[in-house]
Amino acid sequence: MTERASHDESTVPKTKPVIRRILTVSVKTEIDVLAARQRSRQITALCGFTNHDQVRISTVVSELARNIYNYADSGRIDFSISQELATQSLMIRIEDQGPGIANLHQILAGEYQSESGMGLGILGARRMMDECDITTVPNEGTTIVLKKLFPPGAPFLTPAMIGDIGAQIGTLQLNVALSEIQQQNKDLLEGFEALKAHQDELLQLTQELKTTNGKMVELNAELAVKAEALQRADVRKDEFLAILAHELRNPLAAVAITADVLENVPVPEARVIELGKIIARQVGHMSRLVEDLLDVSRVTRGLVAIRNDPVDMRAVVLASLEQSSPLVKSKAHSLLPSLPDDACHVSGDMTRLVQVVSNLLTNAARYTPDGGRIAIDLATDQDCIVVQVSDNGVGIDPDLMPRLFDLYVQAEVSTDARTGGLGLGLTLVKSIVELHRGTITVFSDGKGKGSRFRVQLPRHHPDNGILGSFDICQMPTSHGEKL
């Protein structure tokens, strides 16, 4: 039975090829195997194949020649040029008079391999060559025809040139053992260099992957932090909205009840005036709540016009003391102001600066138990004016300190001791201070140990004009997340 298998990867239209032989190598001994490899390398070099292809083709020839030596009495290898139209290929025909290949289809399918390695040369030939045609007859032998297309840029070989190649091969020295060892050493060195270059590329790629992975880890950690912050902000927003609803519901209920009395119950004129005052107070309370909300929105979006005037901070402190005085007196606090004799001028808006200081004083009064102690100190510090408001009140939890000035965070403070209001004051304070090119910091040793707020503003220098002059100020982009 004759078995036949072919492998053809070429896309060239099939016509009857013209075959021109270059050289024939007989294979009977192991030296002939080395000679076949050496001649294969010489022929492929003269035909214009790249060094890489030379190694691949000579390896295929060497393996198939070794199969002849191992499994057949003798054989031969013919090297020829095959031409189909304008396309030329190196054709290598390997013939032996051996027992044939009993498991050819299993070998080609990768399903069979003998202990001696039979089949590896055939599989390598199919993989490395463009065409591989195998015919085997039991007890008569095997014929393998291989083709490899000339690479781009290789010369087109005329019959005369093919004859010259055969002549050149005949004149080349065939010191098989030494020459083959040298060539194999050269091939090994070239292969080693290629592997080293590939290893360097892999190492570089590994380093890049490590760097990218590190960045991904950092990004994931950053995203996790931001996601957690968003979740906290969402919880604080819900708490804030609940407080807002509570703050609006009480005055609305009072107004609704008063309006119902006026509409349905005969009321003396004096009582009407009293009920009108109740409505006015509740409306005023709701107006302040709405104004706080609008203030936060305007200031944090940079929509507030800040005046550009020299302002004496002593006047700011005195006006703030006057505004906060009713609450301070109602809770029987002792208020200790400390003001310098000399003017402390800053560049800014008197009304907004009073809003800052009075807010700090009001917070101190609200969150200090009755009969507490509040101090406000005004001083100069090099090129800055410093205002400090301290108290011996409820203090601040250390976990809350980093987020104390964020929007909605005040709801957490307000729930500890409800004293009215939405708790938006510190958000406004920080925004206004930053609009004046200043900073605000807070200090507290923890719950029940009081707190201290320190506002630092750049001084106004008459000789140099107004520090940090501005007309319409925008919030720094680093605080955009407050909205």
Side-chain angles (χ1 to χ4, degrees), residues 231-301 303-304 320 322-333 351-352 354-370 393-394 400 403-432 482-483:
Q231 290 175 349
R232 289 198 303 265
D234 188 58
V235 171
R236 294 196 299 267
K237 179 198 67 178
D238 292 341
E239 293 174 349
F240 173 80
L241 291 176
I243 293 171
L244 175 60
H246 176 79
E247 290 291 338
L248 291 176
R249 182 179 60 190
N250 288 344
L252 283 173
V255 170
I257 293 172
T258 304
D260 184 65
V261 170
L262 290 173
E263 183 178 0
N264 299 308
V265 180
V267 180
E269 183 177 349
R271 181 60 176 161
V272 169
I273 294 174
E274 183 179 344
L275 293 175
K277 290 180 179 179
I278 292 175
I279 293 175
R281 281 198 303 272
Q282 299 304 324
V283 170
H285 178 64
M286 287 188 289
S287 296
R288 286 191 296 275
L289 294 178
V290 173
E291 187 59 32
D292 280 350
L293 289 171
L294 291 175
D295 247 358
V296 169
S297 176
R298 286 193 295 261
V299 172
T300 56
R301 287 187 295 153
L303 301 180
V304 174
S320 302
E322 183 179 352
Q323 285 190 15
S324 59
S325 178
L327 179 59
V328 172
K329 289 180 179 178
S330 70
K331 300 195 70 176
H333 294 317
T351 301
R352 291 295 180 181
V354 170
Q355 187 177 7
V356 167
V357 178
S358 64
N359 205 301
L360 295 177
L361 287 170
T362 300
N363 273 355
R366 281 179 176 173
Y367 298 105
T368 299
D370 292 357
V394 298
L400 189 62
R403 301 178 286 113
L404 188 63
F405 296 98
D406 290 351
L407 199 59
Y408 306 135
V409 171
Q410 290 304 302
E412 299 176 10
V413 179
S414 301
T415 54
D416 292 337
R418 291 298 304 149
T419 55
L422 298 177
L424 297 173
L426 289 181
T427 301
L428 274 172
V429 165
K430 187 173 189 292
S431 299
I432 293 172
K482 289 186 177 181
L483 292 177

Sequence neighbours excluded, the answer for salt bridge (Lys or Arg N to Asp or Glu O under 4.0 Å) partners of Glu322 is none
Taking the side chain as every heavy atom from C-beta outward, state whether Val356 and Leu428 have any pair of such atoms under 4.5 Å apart. no
Look up atom CG in Asp260 and atom CG in Leu275, then write down how far apart they are to the nearest 0.5 Å. 11.0 Å
Distance in Å, Gln323 CD paired with Leu361 CG, rounded so as to fall on 0.5 Å steps: 9.5 Å
Grab the two heavy atoms, one from Val354 and one from Ser320, that are nearest each other, plus how far apart they are. O-OG, 3.4 Å
For Arg366 and Lys331, which heavy atoms make the closest approach, and how far apart are they? O-NZ, 3.1 Å
CG on Leu252 to CD1 on Ile257, rounded to 0.5 Å: 11.0 Å
Can you tell me how far the CD1 atom of Ile273 sits from the CD1 atom of Ile278, to the nearest 0.5 Å? 12.5 Å
I'd like to check the side chain to side chain contact (heavy atoms under 4.5 Å, CB included) partners of Ala365; sequence neighbours left out, ordered by chain and number. Leu327, Val328, His333, Ile374
What are the two closest non-hydrogen atoms of Asn264 and Pro266, and how far apart are they? O-CD, 4.1 Å
First locate atom CD of Glu274, then atom CD1 of Ile279, and finally report the distance between them rounded to the nearest 0.5 Å. 11.5 Å
In short, Gly393 meets Pro369 closest at the heavy-atom pair CA-CD, 3.9 Å
Working to the nearest 0.5 angstrom, can you tell me the gap between Asp370 CG and Ser330 OG? 7.5 Å
